[in-house]
Amino acid sequence: PHILITTPESLNIMLTTLKGRGMFSGVRAVIVDEIHAIAGTKRGAHLALTLERLEALVERPPQRIGLSATQRPLEEVARFLGGCETGTSGTPAFRPVTIVDCGMTKEMEIAVESPVADLGNIGGSIWPAVGPLVLRHIRASNTTLVFVNNRAQAEKIAARVNALAEEEIALPYHGSLARERRFALEERLKAGSLRALITTSSLELGIDIGSVDLVIQLQSPKRVAAALQRIGRAGHTLGVPSRGILVPTFRDDALEIAAIVAAMRAGDVEPTHVVQNALDVLAQVVVAAVSVDDWRSEDLFQLVRRAYPYHQVTRGAFDEVVAMLSGKYPSDIAAELEPRITWDRVNDRLIGSRAARMTAVISGGTIPDRGLYTVNLPDRTRLGELDEEFVHESRTGDVFQLGSSTWRIAAIEHDRVVVTPAPGTPARMPFWHGEYMARSLMLSHRVGALRRELAEAPNEERLATEYGCDAATANSLVKYVALQRAATGIVPDDRNIVIEQFRDETGAVRIVIHAAFGGRINAPWGMALAQRVREAINDTDLQVQTTDDGIMLRL
């Protein structure tokens, strides 16, 4: 082909098959689109190694081009894209990369809209008020994307909006729907026969869905970069502003959303931190490389060091990975594990096998962090995926909803759930674990600073002008912070922690540490505190819960 559009995983598989490798000898350029989405992940480490494998295969090094609207710092992303060359001293030197910062800021019309008059006085669930708000905006626009933070919520909101509209005006779209189903939804939205999609992060990046008038974000997306990407899907044409409405569902959510809006207007996105020395990914790529070529261990080590995520990996760590792959396992499990490659230490050759190539092709990407069952009709047509824990809680005959359709479980097999249609039957909503995103550290600092600002000088007008809040949200936030200050004299913010202690209805002692530092700090901090308390008072029943805004210990 003149142009090959592919994924990092498929590129890896093509480089691992003898037939696929033949097309790459004349490659002149590699474009990594939306580079920020992978640079800070193990998937990015995998791609960096794959690009070095590609470079070793071609006649001349191809030009690498990275594209993104939300990346910072540019120098770190440039190092990830360019990789390294081995210098004369044997230490890697970063390849020269030209940073082209076009300096153009997309015009955005962003507003925060509360579904109720007072977020502190809801009197039950807020979701019955969210549905009419979403429906009103869908009807006022030609095409709308509604972003939510998990797949179960996408299913629920779509069902609620369609029930209110008394027509199929919006459908859920997420990664657990079959690819064919997702493609059909994309085409319907593009053609105008469907007014809205209720989606997760699946539509955050560059899938072609045509022109979008409005983006609605329900609850905080937890990251400024995610908010920019999502709202940027609207008005995706030169000179047309991106219109976005962010809808909070409780008061801390509103604080977070207001902080996100201010950061978006300032262009302040989360910094990218490239994953370094991920040895599980290194093992996968070593098996793939050795399965198609014999390598000297030193040559393969130098190739690995040219990838920026591995420019500091030591020869000792590399040798340990290769030794493990060639059969160096603990004696208690060695009988169960076969070597993936052969390391001929006499001639210093790494040799693969047909089985190694099969392993590399079948396991073409980074290791997933959760198990999923496929959902199939009796004729094996694939409908989507379910979380393994949801399947473990389900039985034959149970009815659940997926893709706004209702299905009855006919059989549960070792890796799939066989279903039949069950229209009109009351159904459970499925859940998928592993979707919760902790608030970014940078955003947590902004949330804390906004709390402090509102405690020192409450100003609803400033919330409207600088933070995009409507009158209801601004009033809710000012009252919320004032109530906290009246109760304790101090507001937990970016500089202050409030510690609360009480006995619950069972007489157990609860200690709550109000700290607005985000889940990436609070979760490990909570684990460490819990262990220290167990050691100090020998409380084996101690429980710990953490959120973005605090830690609770129950003794």
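- Formation of a donor-acceptor pair under 3.5 Å by the Arg188 side chain with backbone atoms of Leu194 is not found in this model.
- In summary, Arg95 and Glu55 engage in a salt bridge, as defined by a charged side-chain N under 4.0 Å from a carboxylate O.
- For Met23, the CE atom counts as densely surrounded, since its 6.0 Å shell holds more than 12 non-hydrogen atoms of other residues, nucleotides or ligands.
- Residues Leu441 and Arg520 form no side-chain contact, since every pair of their non-hydrogen atoms from C-beta on lies 4.5 Å or further apart.
- The two residues Leu51 and Arg64 have their closest heavy-atom pair at O-NH2, 3.8 Å.
- In this structure the side chain of Leu450 reaches within 4.5 angstrom of the side chain of Leu463, judged on heavy atoms.
- Salt bridge absent: Asp387 and Arg151 never bring a charged side-chain N and a carboxylate O closer than 4.0 Å.
- Of the inter-residue distances, the one linking Thr16 atom OG1 with Met358 atom CE reads 12.5 Å to the nearest 0.5 angstrom.
- Side-chain atoms of Asn12 and Arg53 include a donor-acceptor pair closer than 3.5 Å.
- No side-chain heavy atom of His137 sits under 4.5 Å from any side-chain heavy atom of Val247.
- Looking at Glu187, its side chain never comes within 3.5 Å of a backbone N or O of Leu189 through a donor-acceptor pair.
- The minimum heavy-atom distance linking Asp253 with Gln219 is given by the pair OD2-CA, 3.3 Å.
- Using a distance-only test at 3.5 Å, with no hydrogens or angles considered, a donor-acceptor pair links the side chain of Arg72 to the main chain of Val269.
- Between the side chain of Thr272 and the backbone N or O of Ala39 there is no donor-acceptor pair closer than 3.5 Å.
- Using a distance-only test at 3.5 Å, with no hydrogens or angles considered, a donor-acceptor pair links the side chain of Arg195 to the main chain of Ile138.
- With a 6.0 Å radius and a threshold of 12 heavy atoms from other residues, nucleotides or ligands, Arg28 has its CZ atom at or below the threshold.
- Atom CD of Glu460 and atom OG1 of Thr465 lie 12.0 Å apart (nearest 0.5 Å).
- Leu300 has its side chain within reach of Phe318: a pair of non-hydrogen atoms, C-beta onward, lies under 4.5 Å apart.
- Counting only distance, with no hydrogens or angles, the side chain of Arg296 and the backbone of Phe301 share no donor-acceptor pair below 3.5 Å.
- Atom CD of Glu85 is separated from atom CZ of Arg306 by 6.5 Å, given to the nearest 0.5 angstrom.
- Considering all non-hydrogen atoms of both residues, Ala254 and Leu119 come closest at CB-CD1, 3.8 Å.
- Of all heavy-atom pairs spanning Tyr467 and Ala259, the tightest one is CD2-N, 4.4 Å.
- His46 places no side-chain N or O within 3.5 Å of a backbone atom of Arg43 that could act as its donor or acceptor partner.
- Without hydrogens or angle criteria, Tyr310 side chain to Ala278 main chain gives a donor-acceptor distance under 3.5 Å.
- The closest side-chain heavy-atom distance from Val77 to Ser68 is not below 4.5 Å.
- Between Gln229 and Arg233, every side-chain heavy-atom pair lies at or beyond the 4.5 Å cut-off.
- Taking every heavy atom of both residues into account, Ile110 and Ile231 meet most closely at CG2-CD1, 4.2 Å.
- Within the 4.5 Å cutoff, side-chain heavy atoms of Arg305 are placed close to those of Val313.
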message = Quick one, Tyr173 with Arg181, criterion side chain to side chain contact (heavy atoms under 4.5 Å, CB included). Give me CA distance, side-chain angles, the key distance, then yes/no.
response = CA-CA 9 Å; Tyr173 180 107; Arg181 168 78 172 169; over 6 Å; no
inquiry  = Under the criterion side chain to side chain contact (heavy atoms under 4.5 Å, CB included), I'd like the reasoning laid out for Val322 against Ile341: C-alpha separation, chi angles, the key distance, then a yes or no.
reply    = CA-CA 8 Å; Val322 174; Ile341 63 175; 4.1 Å; yes
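- Arg315 and Ser297 share a donor-acceptor pair across their side chains, judged by distance under 3.5 Å alone.
- Taking CG from Leu18 and CG from Asp293, the interatomic distance works out to 8.0 Å, rounded to the nearest 0.5 Å.
- From Glu461, atom CD reaches atom CD of Glu466 across 10.5 Å, with rounding to the nearest 0.5 Å.
- With Asp548 contributing its side chain and Arg439 its backbone, the two residues share a donor-acceptor pair below 3.5 Å.
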task = Run the numbers on Thr546 and Trp525 for side chain to side chain contact (heavy atoms under 4.5 Å, CB included), then give the verdict.
result = CA-CA 9 Å; Thr546 62; Trp525 183 16; over 6 Å; no
request  = Determine, step by step, whether Thr50 and Leu15 satisfy the side chain to side chain contact (heavy atoms under 4.5 Å, CB included) criterion, reporting the C-alpha distance in whole Å, the side-chain angles of both residues, the deciding distance to 0.1 Å, and the verdict.
outcome  = CA-CA 8 Å; Thr50 301; Leu15 291 175; 3.6 Å; yes
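- Counting only heavy atoms from C-beta outward, the side chains of Lys156 and Val148 never approach each other to under 4.5 Å.
- Using a distance-only test at 3.5 Å, with no hydrogens or angles considered, a donor-acceptor pair links the side chain of Arg182 to the main chain of Leu177.
- Among all heavy-atom pairs drawn from Arg243 and Ala234, the shortest one is O-CB, 3.5 Å.
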